[in-house]
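Heads up, the thing below is written out as structure tokens.
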Amino acid sequence: MYQEERLLSILDYLKENKRISVEQICSLFDISRDTARRDLVKLEEESKIVRTRGGALLPSIHREIKNYSHRLNIVSDEKKVIGKKAASLIYSGDRVILDASTTVQSCAEQINNTECTIITNSINQADVLSSNSNINIQLLGGILEKEHRYVYGSSVIDKLSEYIVDKAFIGVVGISESGLTIAHEEDGAVKRKMIQQAKQVIALADNTKLGNTDFFRFADLQDIDLLITDKNPPQAFRDLLHKHHVELLTAENSDQGDE
């Protein structure tokens, strides 16, 4: 195998497994340690990896979080599928918290004429739901984050502490072994309180969020009961959910379970 082919294969392995050792490279491609090190040097020169003691890992990628209006304009079919499945879990009489993510808004848009109470810190969610006469809306008051269209602050957290709800639907920027993460601390603080006030916590995340970690961790994996996503995750991620007693619901085929 030529070096160019090996380098592509090493990158493919890293995308799947996050890190690789010199010993693994030697074993996978039947090459010497010196050759393996030269391959890593080449990849490092091309800024495709970060070399570590004894191996390499992929460099961190910090994606810019676009403003809410921009994210709404690019709401994917995956988010719509997840939102539809999430909305189907809201039953008559339920008291529900919806956070301020675009995936959760997709849920709000697809709630049928179900008599329920919705508590939210999202002015967009409240607006979407306002045309549904069967829904009682409790819009939390506080400081308005204009770019991302949510309300935050101590008044929001204090008011949330007064509610005990059946379900909370929470969006994420990343969900991994590090927990549930978000880009902004003030948003994460509100999500954390929402989770504490719910009997059942349901995280909504399309497949691009799985295995990713962002800036602020607002919850551990064991803090959620159910993850709804659009594609069946890799086995390693399913094992991680099973370890932390998180049920999996794949909206793509409606299969539920740990396997």
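Here N113 pairs with N132, N134 under the side-chain contact (heavy atoms from CB on, under 4.5 Å) rule; sequence neighbours left out. Judged as a side-chain contact (heavy atoms from CB on, under 4.5 Å), and not counting sequence neighbours, the contacts of V165 are R95, I97, I119, Y163, A198. With sequence neighbours excluded, no residue satisfies side-chain hydrogen bond (donor to acceptor under 3.5 Å, both in side chains) with S161. By the side-chain hydrogen bond (donor to acceptor under 3.5 Å, both in side chains) test, K159 pairs with E162, sequence neighbours left out. Among residues two or more places apart in sequence or in another chain, the salt bridge (charged side-chain N to carboxylate O under 4.0 Å, His left out) test is passed with D30 by none. Taking D158 as the reference, nothing meets the side-chain hydrogen bond (donor to acceptor under 3.5 Å, both in side chains) condition, with sequence neighbours excluded. Applying the salt bridge (charged side-chain N to carboxylate O under 4.0 Å, His left out) test to D225 and every residue at least two apart in sequence or in another chain returns nothing. Residues satisfying the side-chain contact (heavy atoms from CB on, under 4.5 Å) test with K84, not counting sequence neighbours, are Q110. S92 is linked by a side-chain contact (heavy atoms from CB on, under 4.5 Å) to T114, E115, counting only residues two or more places apart in sequence or in another chain. Checked against salt bridge (charged side-chain N to carboxylate O under 4.0 Å, His left out), K42 has the following partners two or more places apart in sequence or in another chain: E46.
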- Message: Please determine whether side chain to side chain contact (heavy atoms under 4.5 Å, CB included) holds for the pair V172 and F218, giving the CA-CA distance in whole Å, both sets of side-chain angles, and the decisive distance to 0.1 Å.
- Response: CA-CA 10 Å; V172 303; F218 62 88; 3.9 Å; yes
- Message: Applying side chain to side chain contact (heavy atoms under 4.5 Å, CB included) to N212 and V173, what does each step give before you reach the verdict?
- Response: CA-CA 8 Å; N212 289 340; V173 173; over 6 Å; no
- Evaluate the side chain to side chain contact (heavy atoms under 4.5 Å, CB included) criterion for residues L89 and I228: first the C-alpha distance (whole Å), next the side-chain angles of each, then the deciding distance (0.1 Å), finally the verdict. CA-CA 11 Å; L89 301 180; I228 305 179; 3.9 Å; yes
- Take D99 and S101, measure what side-chain hydrogen bond (donor to acceptor under 3.5 Å, both in side chains) needs, and give me the verdict at the end. CA-CA 6 Å; D99 79 357; S101 71; 3.1 Å; yes
- Task: Just do the side chain to side chain contact (heavy atoms under 4.5 Å, CB included) check on S154 and I157 with the steps written out, would you?
- Result: CA-CA 5 Å; S154 59; I157 293 173; 5.7 Å; no
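A side-chain donor-acceptor contact under 3.5 Å links T208 and D206. A donor and an acceptor atom, one from each side chain of S122 and N124, are nowhere located under 3.5 Å apart.
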Going by atom type alone, with no hydrogens or angles, which donor-acceptor pairs under 3.5 Å involve a side-chain atom of residues 6-15 and a protein atom two or more places apart or on another chain?
from	atom 1	to	atom 2	distance (Å)
R6	NE	D39	OD2	2.7
R6	NH1	M1	O	3.2
R6	NH2	D39	OD1	3.0
R6	NH2	D39	OD2	3.3
S9	OG	E5	O	3.1
Y13	OH	Q24	NE2	3.2

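Rounded to the nearest 0.5 Å, atoms CG (L241) and CD1 (I224) are 7.0 Å apart. Here the straight-line distance linking atom NZ of K85 with atom OG of S106 works out to 13.0 Å at 0.5 Å rounding. We find the OG1-CG distance between T213 and L180 to be 10.0 Å, quoted to the nearest 0.5 Å. Once rounded to the nearest 0.5 Å, the distance linking CG of L57 with NZ of K18 reads 11.0 Å. Between the NZ atom in K191 and the CG atom in D223 there is a gap of 14.0 Å [rounded to 0.5 Å]. Separating the CG atom in L204 from the CD1 atom in I170 is a distance of 8.5 Å, to the nearest 0.5 Å.
Looking only at side-chain heavy atoms (C-beta outward), L227 and L210 come within less than 4.5 Å of each other. The shortest distance between side-chain heavy atoms of I111 and V96 does not fall below 4.5 Å.
Here the rule is side-chain contact (heavy atoms from CB on, under 4.5 Å) with V151, and of T120, I143, V190, V156 only V156 fits it.
Pairs engaging residues 172-188 under the salt bridge (Lys or Arg N to Asp or Glu O under 4.0 Å) rule: none recorded [sequence neighbours left out].
Shown here for A108 and L129, the closest heavy-atom pair between the two residues is O-CD2, 3.6 Å. Nearest heavy atoms, D127 versus S130: O-OG, 2.7 Å.
Linking ILVMFWY side-chain heavy atoms closer than 4.5 Å, directly or via other members, places I90 and L226 in a single hydrophobic cluster.
In H245, the NE2 atom is not crowded: 12 or fewer heavy atoms of neighbouring residues, nucleotides or ligands sit closer than 6.0 Å.
Ring geometry for Y150 versus H148: interplanar angle under 30°, hence parallel rather than tilted (30 to 60°).
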